[in-house]
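Only one structure is covered here, and it is reproduced in the block below.
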Amino acid sequence: MSIPSDLKYTKDHEWLKLLDGDEAIIGITEFAQNSLGDITFVEVPEVEDTFSAGDSFGVVESVKAASDLYMPVDAEVLEVNEALESAPESVNTSPYEDGWILKIKITDPSALSELLDAKAYAEIAKD
């Protein structure tokens with residue numbers, strides 16, 4: 001199982017990749033997509049929607065179940081991965097690249113310190 005060391009993680013199996021400045025992209029981990037099975041639909045919010053850390057911002061549906069997505073930090077949505085509308089399976093085939101879900105602007109960076117590094121997330125993901 002891949003757990004890239006340059007990403008931050010939540011206990012809910014989302015990942016966050018910091019970009020330049022206060023922007024980041026987020027998605028779900030390989031562990032999460034493996035647990036869900038074949039992804040059939042990804043519900044995403046609108047651009048400019050705002051969320052607090054821990055808020056549900058969307059849903060991933062698979063052949064097994066539907067699972068809420070949770071915002072890792074306080075943020076505003078800058079962009080959604082529109083390719084997921086026609087190819088939701090990208091979350092399965094490329095969870096850290098083509099399967100990204102949102103690009104966000106972090107509005108309160110203090111929550112970044114509460115996210116997990118790859119080593120800490122690996123401990124959770126082996127359960």
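- Heavy atoms only, all atoms of each residue included: A53 and D74 are closest at N-OD1, 2.7 Å.
- Within the 4.5 Å cutoff, side-chain heavy atoms of L116 are placed close to those of K11.
- Placement of Y121 and M71 in two distinct hydrophobic clusters is found when ILVMFWY residues are connected by side-chain heavy-atom separations under 4.5 Å, directly or transitively.
- The OH atom of Y9 sits 13.0 Å away from atom CD1 of I28, with the distance rounded to the nearest 0.5 Å.
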Q: Start with the C-alpha gap between K64 and L36, add the side-chain angles, then the distance that decides, and say whether side chain to side chain contact (heavy atoms under 4.5 Å, CB included) holds.
A: CA-CA 6 Å; K64 291 183 180 177; L36 287 166; 5.9 Å; no
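- P45 and V80 get closest at one heavy-atom pair: O-CG1, 3.4 Å.
- No side-chain heavy atom of D108 sits under 4.5 Å from any side-chain heavy atom of V73.
- Atom CD1 of I26 sits about 11.5 Å away from atom CG of N81, to the nearest 0.5 Å.
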Q) Between L78 and I104, does a side chain to side chain contact (heavy atoms under 4.5 Å, CB included) hold up when you go through it step by step? A) CA-CA 5 Å; L78 297 177; I104 60 172; 5.6 Å; no
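- Side-chain atoms of S2 and Y96 include no donor-acceptor pair closer than 3.5 Å.
- Residue E85 places its CD atom among 12 or fewer non-hydrogen atoms of other residues, nucleotides or ligands, all under 6.0 Å distant.
- Side-chain contact check for I124 versus H13: some heavy-atom pair is nearer than 4.5 Å.
- Minimum heavy-atom separation, L84 to S90: CD2-CB, 4.0 Å.
- Side-chain heavy atoms closer than 4.5 Å link hydrophobic residues (I, L, V, M, F, W, Y) into clusters, and following such links, possibly through other members, connects F51 to L69.
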